[in-house]
Each structure stands twice: as structure tokens, then as C-alpha cells.
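What follows is a short report on a single structure.
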Amino acid sequence: MTVLWLPELSVDPDWFPAPTSALAEPDGLLAFGGDLSPQRLTAAYHQGIFPWFSEDDPLLWWSPAVRAVFAPDSLKAGRSLCRDWQKHQYHFTCDLAFTAVTSGCAAPRPNQPGTWISADIRAAYQQLHQQGIAHSIEVWQQDQLVGGLYGLQIGQLFCGESMFNRVPNAAKLALVQLQHYLQSFGLGWIDCQLPNPFLLQCGAQKMPRPDYLQLLQALAALPVPAGLWQAGTLAPLIKNR
């Protein structure tokens, strides 16, 4: 099994190898090359594929054997998180600061001086945002952006890309707020790509690739509800258990 090179946009921006042909080591590596055009990126997410590469790497595309997924109503705000939210008087918006959120996600982190969220990546997702496909949740303390996340709405599945904190718990608050917001429109499934301790502690479940692709196929075929992702302030949906 080999990793395939993708042709440039002019050839066929919708074509990818089957996700089941991804390598076992490194887990999920599927293809390299191609481009970050909106059409290519959208086609990738519809097939359960996402880009992920370091600054010195070629453009790499992945479909890991196991995904991290939040089922509806699986993200809960415990009492301590609610107290933190109320104490600091955080408020939430969507799509009011998409560029600032992607910049926050790209900023260096402790013990992680580099970032895969390059200027090219930010520009590509900005195009998707302008097309109404990529969206952000923002966490504010007064007029300061202190956390947030961004991702793509693919039918009735939200495909999360990255999140950031400038104060403790801001990313978790953004994630909980995202699911509550989606559930207010009858949705709630969130794909977070790769499992990690933080996501699993928040309640994410590990889902094998075949199950994920089946879920994706079902949700991607459903229409996005009218009124979802209108830029503005979000109602405070976080409640105690």
C-alpha cells in the first residue's frame, strides 16, 4: 500500500483515494500534494479526509483508523465549569471573529513552538468561511477574545479543526457552547479528528473509521438548518447538570 500523489486543481479537485487505503503507519496517511482550494477541501471533508502537515512537509491528507467524535448531548458543563463561566462573566458569539480565532489557534503553545496552521491554511479556511462553510465560536471576557474554536459544517456534522485558550477552560467552554448551539437546531454531532486525553476527558468517543464514514455519509446528505451560523451573540446555553 502506498501514499498517492494528488494532481493539481485543474485535473480533478474532487478525487481522493479511498479512505480505507490509508496507511496503518503513520496511522491514516492517505495522500500528498494537490492544493488547498475550497473545492478540494470541501471534497476531502465529505470523504472523511483532512489536511495536516508541518511547515517543511508537503501537503499531507489523512483519514485515521479511529476518530474522536462527540455524540449529541455528550458535552456537559459540570458545576465547576459553570461557576468558572459565571465568575468571569464570559459571553459567546459565532462567526464574529473568525480570522482572530484561526490566528489564536495558530499561536505557539507551551512546549509546542511551531504550528501546522500556516498562513496558507488560514487563508484557505478564510475562503471557506466567506463561502459559509467554515465557522467559529468565540469566547469573550468583556471585549477581549480569550478562546474559541473553528471548523466546517458538512451537512449536519460539524468537523472541528482547532481550538485555543488564553484563559483556563476557555476552549472547553467553547466546545460545550458549540454543542448546545448545534442542539438548539436539532443537531449535535461533532467530529474532532484524532482522539487525545483532553477530548476523551470531555466525553468524546473513539469511533472506528468504517463507523465514522457511515455516520458522515448519513449526516452530510442532510440539509443545514435554516438560520444556523448567523453571525452574532449566542444565548447562554450552558447549564448545571
Side-chain angles (χ1 to χ4, degrees), residues 9 13-14 16 19 28 30-31 34-53 59-64 67-72 75 93-106 115-118 120-138 148-164 171 174-175 177-183 185-194 199 204 207 209 212-231 234:
L9 175 65
D14 294 329
F16 282 90
L30 181 68
D35 51 65
L36 292 170
S37 67
Q39 187 173 351
R40 174 89 70 183
L41 284 167
T42 303
Y45 283 88
H46 275 272
Q47 297 174 61
I49 301 162
F50 58 86
W52 182 33
F53 55 97
L59 205 172
L60 303 176
W61 301 89
W62 303 77
S63 181
R67 307 287 284 233
V69 176
F70 288 99
L75 277 159
T93 59
C94 70
D95 282 354
L96 287 185
F98 184 88
T99 301
V101 168
T102 57
S103 295
C105 291
T115 179
W116 77 275
I117 306 175
S118 64
D120 288 343
I121 284 284
R122 296 197 299 275
Y125 285 83
Q126 184 68 38
Q127 284 187 285
L128 290 174
H129 176 61
Q130 292 167 353
Q131 294 182 10
I133 300 170
H135 304 280
S136 59
I137 296 287
E138 300 96 25
L149 59 81
Y150 75 98
L152 279 64
Q153 189 70 47
I154 303 297
Q156 295 191 5
L157 174 66
F158 187 87
C159 297
E161 271 298 307
S162 187
M163 61 184 72
F164 78 101
L175 194 56
Q177 183 71 20
L178 167 65
Q179 187 168 78
H180 279 273
Y181 177 62
L182 293 172
Q183 287 182 168
F185 287 86
L187 313 183
W189 283 100
I190 303 169
D191 165 36
C192 290
Q193 298 179 351
L194 294 167
L199 295 173
M207 183 174 287
R209 184 194 291 121
Y212 173 76
L213 293 176
Q214 185 176 16
L215 176 70
L216 171 64
Q217 183 179 24
L219 294 178
L222 298 175
V224 178
L228 184 65
W229 298 116
Q230 291 186 359
L234 299 180

Can you check whether [Y]'s main-chain N or O pairs, donor with acceptor, with [X]'s side chain at less than 3.5 Å?
X: Q179; Y: A71; answer: yes
X: T102; Y: T99; answer: yes
X: W61; Y: A44; answer: no
X: E138; Y: D95; answer: yes
X: R122; Y: I117; answer: yes
X: R209; Y: S63; answer: yes
X: Q47; Y: D14; answer: yes

| said: Tell me if the centroids of the rings in W229 and Y181 come within less than 6.0 Å of each other. | reply: yes
| message | Does Q127 have more than 12 heavy atoms from other residues, nucleotides or ligands lying within 6.0 Å of its CD? | response | yes
Tell me the closest heavy-atom pair linking [X] and [Y], and the distance in Å.
X: P51; Y: L59; value: CB-CD2, 4.1 Å
X: V101; Y: G148; value: CG1-C, 4.2 Å
X: C94; Y: I137; value: CB-CD1, 4.0 Å
X: Q193; Y: G160; value: NE2-O, 3.7 Å
X: I190; Y: L178; value: CD1-CD2, 3.7 Å
X: L194; Y: L199; value: O-CD1, 3.4 Å

Within this structure, what is the [atom1]-[atom2] distance for the pair [X] and [Y], rounded to the nearest 0.5 Å?
X: L128; Y: L152; atom1: CG; atom2: CG; value: 5.5 Å
X: L60; Y: F50; atom1: CG; atom2: CZ; value: 11.0 Å
X: Q177; Y: T93; atom1: CD; atom2: OG1; value: 9.5 Å
X: C159; Y: Y150; atom1: SG; atom2: OH; value: 12.5 Å
X: L157; Y: L187; atom1: CG; atom2: CG; value: 9.5 Å
X: L219; Y: Q214; atom1: CG; atom2: CD; value: 10.5 Å

Side chains of [X] and [Y]: closer than 4.5 Å at any heavy-atom pair?
X: E161; Y: Y45; result: yes
X: W189; Y: L215; result: yes
X: F98; Y: Y125; result: yes

| Test side chain to side chain contact (heavy atoms under 4.5 Å, CB included) applied to F70 and L182, step by step | CA-CA 12 Å; F70 288 99; L182 293 172; over 6 Å; no
| query | Of I133, I121, D35, L36, which is the lone residue that meets side chain to side chain contact (heavy atoms under 4.5 Å, CB included) with L41? | reply | L36
| Intermediate values then yes/no, side chain to side chain contact (heavy atoms under 4.5 Å, CB included), R40 and F16 | CA-CA 9 Å; R40 174 89 70 183; F16 282 90; 3.6 Å; yes
| Residue list, side-chain contact (heavy atoms from CB on, under 4.5 Å) with A100, at least two apart or on another chain | A97, L145
| said: In terms of relative ring orientation, are H129 and H135 parallel, tilted or perpendicular, with 30° and 60° separating the classes? | reply: perpendicular
